[in-house]
Structure formats: C-alpha cells, structure tokens
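Remarks on the structure that follows.
Note: hydrogens, waters and symmetry copies are ignored here, and every other heavy atom, side chains too, is used. Chain identifiers are assigned alphabetically (A, B, ...) following the order of the sequence lines, protein sequences preceding nucleic acid strands; residue numbering begins at 1 within each chain.
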Amino acid sequence: MSFERELIEQRREKLRRIEALGYPAYPHRFDSTHTVEQIVAAYASTSAEELAQSKPAVRVCGRLTALRGHGKAGFADLSQSGCRLQVYVRKDAVGDRAFELYQLLDLGDCAGVEGYLFRTKTGELSVHVTDLSLLAKAMLPMPEKWHGLQDVEARYRQRYLDLLANAEVSQTFRTRSKLVRALRAAMDRRGYIEVETPMMQPLAGGAAARPFRTHHNALDIDLYLRIAPELYLKRLVVGGLDRVYEINRNFRNEGISTQHNPEFTMLEFYQAYSDYRDLMDLTEQLIPEVAFEAAGTATATFGELTIDLTRFARYSLREAICEFWPEAASRPRVEDFADPPRAAAVIETWNRLHPGQERLPAPAESASAPGGASLGATVVALFEAVCERKLIQPTIIYDFPVELSPLAKSKDGEPGWVERFELYIAGMEVANAYSELNDPEEQRRRFEMQAALRERGDVEAHAMDEDYIRALCYGMPPTAGEGIGVDRLAMLLTNSRSIRDVILFPLLRPEKSPGTTEE
RNA sequence: GGGCCGGUAGCUCAGUCGGUAGAGCAUCUGCCUUUUAAGCAGAGGGUCCCGGGUUCGAGUCCCGGCCGGCUCACCA
C-alpha cells in the first residue's frame with residue numbers, strides 16, 4: 001500500500017471512530033452566529049478584562065489550518081475566507097466525547113465550534129470552546145503549512161489547494177473579482193447597458209485571430225467560439241442601444257504565453273455619437289477609477305516597476321517610433337512612413353542597428369504584390385520592435401495603418417490610416433479602441449481586402465460578413481468602441497507576472513491519470 | 001516550434017567525484033490543560049517522471065520520450 005493510500009485509510013478509520021462517537025460524518029449544515037472575519041473585526045480592540053466579563057457567545061466555523069495539541073487541551077486555527085481565528089479546546093470544558101472528537105481531527109478538516117471569546121496569556125483573541133462538530137473531513141493531507149504549495153503545475157491543476165495554502169493567491173482572485181465589479185459599476189454609472197452576445201458564432205469576426213471550431217448536432221452546422229463580440233455589439237448600436245457593454249470570454253486558438261491564455265476576459269463597449277478621442281479621455285478616467293476601487297490605489301507595483309495609473313502619455317504610432325528610436329543620428333521622421341520606399345529605408349536602418357536579431361521585413365511596393373508585407377504591417381512590426389517593451393507607464397498609441405484595422409474608420413485626409421488607439425502599460429497591450437467604420441460600402445471594400453489576404457494564405461484575415469454589412473446599411477450612428485483586457489489589468493493590479501496567475505483554471509495539457517481515492 | 005531550467009517521501013527541498021536514499025513539515029505511538037512554524041521521545045513512509053544505454057555499480061553520466069516553467073518566435 002502506498003503511503004498516500006495509508007494516509008487515506010488512516011483518515012477513514014478516524015471517520016469511522018467519529019461516527020461511532022455519534023457524530024455524523026457529513027452533517028448538512030452549521031448555524032453560525034458570526035463569520036471569522038466578523039469576530040476578528042468586531043473584537044479586535046476588546047480587552048482581555050472586558051472579554052472575561054462579558055464572555056461573548058459565538059458559533060463559528062471554518063477549516064482547520066493548524067493544530068497544536070497539549071495533552072488534555074489544544075489550540076487550533078480556524079480559517080474562513082482568508083481570515084484566521086484561534087480556538088482553544090480543553091477536555092474539562094467540552095467533555096470527554098467532544099474531546100475525543102477533537103483528537104480525531106486533522107489539518108484541513110472543516111469544523112464548527114461553539115463557545116465564548118477570550119484572550120490568551122499572549123493576548124490573542126480566541127474562542128474558548130464549549131462544543132465542537134466536524135463538518136467535513138479532509139481525506140487527503142494539506143500542502144505544507146509553512147512554504148505552501150510551490151509546484152507551479154500542481155498550483156494550476158489543483159487551484160483549490162493553491163487557494164487554501166497560499167493566502168496571497170486567494171487575495172489575487174479577490175482583487176480580480178473587485179476589478180470586474182468595478183468595471184461593471186463604472187460602465188453602469190455612465191449609462192451603458194450590459195448585454196450578452198453569442199459565444200458560438202457562424203463566422204468568427206471582430207478580430208484577427210484563429211478561432212476554435214465546434215459543431216451543433218441538431219442543426220448540423222459548424223460554429224466558431226467567438227474571438228470577439230464586436231460585430232454583435234455594433235449590431236445593437238444599429239438597433240438603438242447607444243451605449244452597450246459586455247464582460248465575457250473570448251477564445252483564440254493561438255499560442256500560450258505569460259500574456260496569452262486561449263480563453264480570456266474582455267470588457268468591450270460601444271458608444272454612439274462619439275469617436276476615438278472621446279474614448280481616450282474615458283480610458284484615462286476609467287483605469288485609475290477601477291484601480292482605486294479594486295486595489296485601493298492607482299499606483300501599481302509590477303515586479304521592479306512602479307506604475308502611475310493616473311498619468312497617461314499619448315503618441316501617434318508614427319511619433320512613438322521616432323520618439324523611442326534608439327539612436328539620435330538615424331532617428332526617422334513621421335513623414336518617413338508615408339510610402340513604401342521611405343518606410344523600407346527606415347526598416348533597413350533598424351535592421352542595420354540590430355545585426356544579431358531577426359530582420360524586420362521591408363514593405364512591398366504595392367499592396368497587391370504577391371508575398372510582400374503591406375506598408376501598414378511593416379510599420380506596426382517596426383513599432384512593436386522599437387517601442388512596445390519600452391511603454392511602461394500608461395501610454396496611448398493612436399492612428400494605425402488601415403491594412404490591419406478593417407473595422408475602423410479612416411482619418412480625414414489620410415485614407416491609409418485609421419482612428420484607432422491602443423493602451424500600453426508595462427509593455428503589455430491592455431486596451432484597443434477605434435472610431436467604428438459605419439459606411440457599409442467602405443466596409444465591404446475592407447472585407448474584400450481581407451478576403452484577398454486570406455486567399456494569399458493569411459489565416460487570420462477577417463471573413464466577409466454580409467449580415468453585418470446589411471446591419472450597417474440600416475445606418476449606424478458615428479460610434480466609438482473599445483476592448484479592455486480584464487486579465488491583463490488584473491495582472492497589473494495584483495503584481496502577477498503571468499496571466500495564469502489571474503485565471504483560476506488556465507488551460508493545461510490534461511493530466512494522464514490524476515490521483516484519486518479509488519483502490 | 002527553438003533555447004535554457006526543472007521533475008527525489010503527502011508537501012517544501014538537499015543529495016559532493018558514479019558507491020547502502022536524506023532533512024524539515026505532515027503522518028503514527030507515548031508524554032504534555034494558555035500554545036501559535038508549540039515542545040519532548042520514538043516509529044513508519046521512496047516507480048528518485050518514463051524507456052533505453054554506458055558501467056562491477058546510475059537519483060547522479062549518455063540517448064530518446066513525457067510533463068511543467070521561463071524565454072524567443074508566433075499572437076495587432
């Protein structure tokens with residue numbers, strides 16, 4: 001018999017003995033007068049003398065996270081929702097039967113106690129127990145109490161243990177929850193209505209990404225898990241819902257990294273009669289507002305970095321490349337991105353400055369040149385190489401190439417560029433927004449451009465969506481829309497370097513054979 | 001997919017030059033009625049990730065694989 005089996009068998013035996021004492025093994029409920037948190041908060045400053053006099057009666061329950069035996073007495077820590085309360089059990093106070101039960105308890109068991117509050121010699125607020133019950137037995141041993149659960153894989157696969165053993169993990173997810181609530185409240189306050197749009201879509205649109213595919217049996221059709229809710233939310237704007245938002249999952253069938261999980265949570269919102277400038281202003285309000293509400297501060301500590309979420313820089317994408325260019329002598333100018341030959345010269349200079357690294361591609365002379373990257377794509381690639389990891393403090397980067405933004409409205413007088421911005425914090429893209437393209441004819445041309453890319457093998461190029469164009473044909477008011485990556489914002493607010501640390505159950509390869517209690 | 005790192009008791013980790021598998025916590029037994037990483041005395045507990053190979057001998061060296069982490073690429 002393996003050691004683990006032996007441990008389980010020991011605990012089965014204890015459970016049998018507990019039942020033999022007349023205690024139910026798995027009682028149905030427990031009436032408490034307080035939560036641990038309430039007791040700790042209410043009596044934090046009550047003196048030992050006052051407690052000795054009033055002997056406040058409490059019934060409280062939680063999980064046993066420490067047991068310190070002393071012969072015919074013992075101390076235990078009862079933990080509930082991240083709060084800890086010491087209980088003191090002595091044989092002459094609880095009686096023989098309950099004390100026998102106490103001796104059969106293990107670390108990790110759920111228990112309830114009844115008694116009165118007092119302070120120990122060392123001044124610790126504790127429950128002097130007069131009665132005790134087992135609420136559920138832990139059949140498997142808890143992780144080590146001092147170091148917690150360190151094995152990264154086990155932490156993700158058995159998140160419940162991670163939450164039990166590592167208090168800061170529990171705190172991270174409480175902060176995340178507050179963040180989602182704060183975002184929702186912020187949108188509600190501003191008059192947006194929350195909606196839910198399809199997660200299963202016949203066409204996966206609204207972003208450039210590879211989708212997951214699934215199948216509906218009764219209709220016998222293939223469907224895609226959504227990569228973005230965008231096209232549905234804009235249909236709602238056409239329908240007169242001038243301010244809508246959705247907080248929900250997107251699914252992208254792509255690589256996994258510290259910043260990418262195949263399913264991730266986005267806040268996406270649309271507002272009629274506005275453009276991207278309005279959303280820049282809104283974003284600058286929203287981020288510090290929700291940070292303060294969720295984390296209690298608008299100053300984020302992220303690894304070595306200290307980030308002030310109240311101050312935002314703004315650069316156009318072209319300005320940013322010039323601004324963050326590493327060498328003064330070869331610094332390009334904004335006009336250098338106006339046509340492929342000049343942009344090619346800038347990229348050539350960059351490649352020359354970075355001989356060891358992979359070369360950035362030069363733009364093709366025309367958009368239809370086979371195999372060549374578009375001017376827009378190469379400028380964005382250059383931006384990412386030059387700037388992205390340097391954008392530590394909150395920075396809005398605006399005006400993107402039209403080739404990469406098939407759903408965004410062009411800038412007046414500059415048809416090659418669209419009214420779009422992205423927000424970068426700590427080198428991560430946190431938000432993406434634009435003035436929505438609402439001209440159905442132009443939208444059709446953009447989709448056709450995408451279809452051409454698709455024919456050349458770009459699996460992420462946007463699919464033609466006739467139904468969406470039909471919706472635009474009924475007239476969509478001028479509208480601005482934005483998506484905010486909730487996971488990445490949660491990372492910033494909880495000092496989590498990996499997106500997996502803010503997702504309760506990140507996607508992992510399935511375990512071959514999880515250990516269970518079968519024999 | 002490439003590079004680097006890791007996988008040893010339920011948990012956290014050591015393991016030297018290739019020579020009988022170790023500690024702490026947890027568990028079990030005994031003692032202990034104000035402790036708090038409680039304490040004291042004793043005991044049990046191992047597919048050293050898997051499969052090959054080298055060797056008299058492999059946790060250790062070599063090859064292949066599995067799983068995970070970081071990183072680069074990919075991913076607006």
Tell me the interatomic distance from [X], atom [atom1], to [N], atom [atom2], rounded to whole angstroms.
X: A/Asp109; N: B/A26; atom1: CG; atom2: C1'; value: 14 Å
X: A/Lys72; N: B/A38; atom1: NZ; atom2: P; value: 22 Å
X: A/Ile256; N: B/U71; atom1: CD1; atom2: C1'; value: 15 Å
X: A/Asn432; N: B/C75; atom1: CG; atom2: P; value: 16 Å
X: A/Glu153; N: B/C49; atom1: CD; atom2: C1'; value: 10 Å
X: A/Leu85; N: B/U35; atom1: CG; atom2: C1'; value: 14 Å
X: A/Asp162; N: B/G68; atom1: CG; atom2: P; value: 17 Å
X: A/Leu117; N: B/U34; atom1: CG; atom2: C1'; value: 16 Å

Regarding [X] and [Y], does a basic nitrogen lie under 4.0 Å from an acidic carboxylate oxygen?
X: A/Glu246; Y: A/Arg226; value: yes
X: A/Glu9; Y: A/Arg12; value: yes
X: A/Lys411; Y: A/Asp399; value: yes
X: A/Glu436; Y: A/Lys409; value: no
X: A/Glu263; Y: A/Arg249; value: yes

According to a strict under-4.0 Å criterion, is [X] in side-chain N/O contact with OP1 or OP2 of [N]?
X: A/Ser257; N: B/C75; answer: no
X: A/Arg68; N: B/U35; answer: no
X: A/Arg509; N: B/G68; answer: yes

When you compare [N] with [M], how far apart are their [atom1] atoms, in angstrom units rounded to a whole number?
N: B/G15; M: B/G6; atom1: P; value: 11 Å
N: B/G57; M: B/G65; atom1: P; value: 26 Å
N: B/C40; M: B/G24; atom1: P; value: 11 Å
N: B/A43; M: B/G18; atom1: C1'; value: 32 Å
N: B/U8; M: B/U47; atom1: C1'; value: 11 Å
N: B/C67; M: B/C32; atom1: C1'; value: 46 Å
N: B/A14; M: B/C49; atom1: P; value: 14 Å
N: B/A21; M: B/C66; atom1: P; value: 30 Å

Can you name the atoms? Protein N/O to nucleotides 22-25 of chain B N/O, anything below 3.5 Å, with the distance.
| unit_1 | atom_1 | unit_2 | atom_2 | d |
| --- | --- | --- | --- | --- |
| B/G24 | N2 | A/Glu144 | OE2 | 3.3 |

So if I take every side-chain heavy atom of [X] and compare against [options], which nucleotide ends up nearest?
X: A/Glu429; options: B/A38, B/C70, B/A76; value: B/A76
X: A/Ser498; options: B/U12, B/C70, B/U34; value: B/C70
X: A/Glu384; options: B/U33, B/A76, B/U34; value: B/A76
X: A/Gln150; options: B/U12, B/A73, B/U35; value: B/U12

Could you let me know what [N] is paired to, Watson-Crick or G-U wobble, both distances under 3.5 Å, or none if it's on its own?
N: B/U54; answer: none
N: B/C4; answer: B/G69
N: B/U60; answer: none
N: B/C17; answer: none
N: B/G45; answer: none

A/Thr265 and A/Asn248: CA distance, side-chain angles, deciding distance, side-chain contact (heavy atoms from CB on, under 4.5 Å) verdict: CA-CA 5 Å; A/Thr265 301; A/Asn248 224 323; over 6 Å; no
Base, sugar-phosphate, or nothing for A/Ala208, non-hydrogen atoms under 4.0 angstrom? base
Carefully, step by step, assess A/His147 and A/Gln150 under the rule side chain to side chain donor-acceptor pair (under 3.5 Å). CA-CA 7 Å; A/His147 300 91; A/Gln150 298 297 320; over 6 Å; no
Anything under 3.5 Å between a protein N or O and an N or O of nucleotides 27-30 of chain B, put it in a table, one pair a line.
| unit_1 | atom_1 | unit_2 | atom_2 | d |
| --- | --- | --- | --- | --- |
| B/U27 | O3' | A/Gln10 | OE1 | 3.4 |
| B/U27 | O2' | A/Gln10 | OE1 | 2.4 |
| B/U27 | O2' | A/Gln10 | NE2 | 3.0 |
| B/C28 | OP1 | A/Lys14 | NZ | 2.4 |

Can you list the residues that meet the side-chain contact (heavy atoms from CB on, under 4.5 Å) rule with A/Arg277, with sequence neighbours excluded? A/Asp275, A/Met280, A/Arg314, A/Tyr398
Just jot down the side-chain contact (heavy atoms from CB on, under 4.5 Å) partners of A/Ala320, sequence neighbours excluded, or say none. A/Tyr315, A/Phe324, A/Phe383, A/Cys387, A/Ile397
Can you confirm whether A/Arg119 is buried at CZ, in the sense that more than 12 heavy atoms of other residues, nucleotides or ligands lie under 6.0 Å from that atom? yes
Looking at side-chain heavy atoms only, is the closest gap between A/Asn432 and A/Arg420 below 4.5 Å? yes
My understanding is that only residues two or more places apart in sequence, or in another chain, count here; which of them pass side chain to side chain donor-acceptor pair (under 3.5 Å) with A/Asp162?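 In terms of side chain to side chain donor-acceptor pair (under 3.5 Å), with neighbours along the sequence ignored, A/Asp162 is linked to A/Arg155, A/Arg159, A/Asn166.
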Do the ring planes of A/His128 and A/Tyr88 sit parallel (below 30°), tilted (30 to 60°) or perpendicular (above 60°)? perpendicular
For the CG atom of A/Asp109 and the CZ atom of A/Arg11, what is their distance to the nearest 0.5 Å?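 Taking CG in A/Asp109 and CZ in A/Arg11, the distance rounds to 6.5 Å.
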Write out a two-atom table: protein N or O, nucleotide N or O from nucleotides 2-4 of chain B, distance below 3.5 Å.
none

Base of B/U35 paired with side chain of A/Gln86 (donor-acceptor, under 3.5 Å):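 A donor-acceptor contact between them is present.
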